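Chain letters run A, B, ... following the sequence lines, proteins first and then strands; every chain starts at 1. What you are looking at is a predicted structure, and each value in this text was computed from that prediction instead of being measured.
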Number of protein chains: 2
Amino acid sequence: MADSKEFIYPEKWLSKASTGDRVASELRMRIISGKIESGTILSENKLAADFSVSRSPVRDALKVLASENIIRLERMGAVVIGLTEKEINEIYDVRLLIETFVFERLAKLDTHELVKELNKIMEMMKIAIKYEDADEFSYQDILFHETIIRSIQHSYVLMIWSNLKPVMESFILLSMRTRFKEKYEDLARIITNHELYIQAIGTKDRALMIKSLHQNFDDVQGKVDDLWMSQQMLSKGVEQEHE
Amino acid sequence: MADSKEFIYPEKWLSKASTGDRVASELRMRIISGKIESGTILSENKLAADFSVSRSPVRDALKVLASENIIRLERMGAVVIGLTEKEINEIYDVRLLIETFVFERLAKLDTHELVKELNKIMEMMKIAIKYEDADEFSYQDILFHETIIRSIQHSYVLMIWSNLKPVMESFILLSMRTRFKEKYEDLARIITNHELYIQAIGTKDRALMIKSLHQNFDDVQGKVDDLWMSQQMLSKGVEQEHE
DNA sequence: CCAAGTATACTTGTATACAAGTATACCCTT
DNA sequence: AAGGGTATACTTGTATACAAGTATACTTGG
C-alpha cells in the first residue's frame, strides 16, 4: 500500500490493522476532512489503483464506510456523503442519547473503579497537551467516552458506539489538530469539562452530568464549527494568504 | 446456492439480493432460531461448501453478522453469539431509546401523512392475519416501525435502526410463525397496540405513546419468552410427542 | 512414557480472473 | 441533422488462486 500522497490517518493506530482497515481509515479521514468532496463518485478499481492494492480490501473498506453513513453504495460507484453540519448534529444527538442512557445505568452501579480509570485517562490527556500531541490527545478523548460506555456492559449500546466511533474519531482528530495549532487555550476547558463529567459519575449527580455533557457538546460543536468550515475551505484549495 | 437443507428465510424477500445477502439472511435465521447453537465455530470454507458458493459471499455475510453482534470474528473461525434473553432485552432497550427519541421529534412535525401511511400498513396486517400469512404480517410489522423512524429523516438514528433491523426481523418472523400456529388470539392484541401507537402519534399524546410502546414490548417480550424458549428447545433436537 | 520439535492441515487476508449487467458514446439509418 | 441501435468501456458480484500465519497432531529423542 505504498503511495505517493501522504497519509493523514496516524500510522501508529494501524499497527495490527489489515489493508482493508487502512484503506477505510485513510478514506474516512479524506472524506471527513473534505479532501474528498461530498458528491464525488468513488470507483473500486480507481481506489485500488490509487492505494496500490487489489479490489478486495477496497471493497471491504467501502462496505465499512457505507455502514458509517459517509458514503452511499449505488449501482455504479460509491457516492461520497461526507459530514455536513446536519450530520454532525445528528451524531451528537445519538451520543447524547446513548451517554444519558449509560449514565442512568451507571447510577445503579459501583463507579469506583470506573472513576479511577477515567482519572488515569485524564492524566494522559494532560500530558498529551503538555507535549502538544494532538493525536494522542484525541485518542485519549475517544477512549474516555468509550471507557464509560463499555463499563455498563451493554452489547447493543456498545454496538451503536462502535458504528459511530470511527467517524467521531476522525472528526475529533481533525479538530484537535487544528486546535493544538490555533486554539491552544481551548484544551484547558476541555479538560475541565471532562473533570466535571467524572465528578458527575462519581457523585451520580444527574444534573451535573447533563450540564457537563451539554457543555462538552456546545463546546465541541459551536466553537468547532468555525475551525471546521475554515479547514474544509482550506482543503478545497482556497489558499489563505496570511502565511 | 442450491442446497439440500431447506431454507427458513422467506425466498420472496430476497428477490434482488446478492448471494452474500442470502447467505447472511439464512445464517441469521438459523442462529437466532437456535438451529445453529450459540458457541458454534463457523468456518468460511465449511460454510461456502454447505451453501455451495465461494468464500467471497460467505465472507461478506460473516462481516454483516458480526456487525449485528450475533457472531464474533476471531483469529480462527467465527464464534456464534446468538440471542440470549440478555441480548433480547438489550435490543428492546435500544428500540425504546430510539423510538422515544423519534416520538419527541414527531411532536414537532405534521404527522398527518405518517398516520395515513401507518393506517395503510395496519390494513395490510389485518389481511395478513385473515389469510394466516405470518411472514407477511411480520414484514408489515417491521415496516410499521421503520416507517415511523424514517419519517423524521434522521440519518444516524436510521443507521441504528438499520443495524438492528435484520436481527429484529428474524426474531419477529420466528415468533410470529409460532404465534400464528399456537397463539392466534395474540394477534388481535398486537393490532390493538399498534392502533394505540398510531393514535398517540396522531394526537401527540406522549403518555399514550409510552403506554402503547411498553405494552407492545411487554407483550412481545414477556409472552414471547415461553414460545421462544420452547422453540429453541425444539430446534435443539428435543422431540415433542404430541404430534 | 513424556517432552520437545517439526510437519501438516487448517485458518484468514489479499490478489486476480471471470461473468453479468449498465451507461455512454459512436455510428448508421432515416 | 436527429433518432435509434449497437458497440464499448466501464461497473459490481462471485469464484478461484496464492501467501502468510496458527493450532493441532504426530514423530522422534530422551
Asker: I'd like to know if B:R22 and B:E26 make a salt bridge, using a cut-off of under 4.0 Å between side-chain N and carboxylate O.
Answerer: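 No, no charged N to carboxylate O under 4.0 Å.
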Asker: Any side chain to side chain donor-acceptor pair (under 3.5 Å) involving residues 61-70 of chain A? Give me the pairs, sequence neighbours left out, ordered by first then second residue.
Answerer: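 Pairs touching residues 61-70 of chain A that pass the test: A:R28-A:E68, A:K63-B:D60.
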Asker: Which residue pairs satisfy the side chain to side chain donor-acceptor pair (under 3.5 Å) criterion with at least one member in residues 111-127 of chain A, sequence neighbours excluded?
Answerer: A:K126-A:E195
Asker: Answer yes when B:D93 and A:R105 have at least one side-chain N-carboxylate O distance shorter than 4.0 Å, and no when they do not.
Answerer: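 Salt bridge present between B:D93 and A:R105.
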Asker: Measure from NZ on B:K16 to P on C:dG21 and round the result to the nearest Å.
Answerer: 12 Å
Asker: Is the B:F144 ring parallel, tilted or perpendicular to the B:H194 ring (thresholds 30°, 60°)?
Answerer: perpendicular
Asker: Classify every nucleotide of nucleotides 8-14 of chain D by which part a protein heavy atom approaches to under 4.0 Å, writing B for the base, S for the sugar-phosphate alone and - for neither, in 5'-to-3' order.
Answerer: ---SBBB
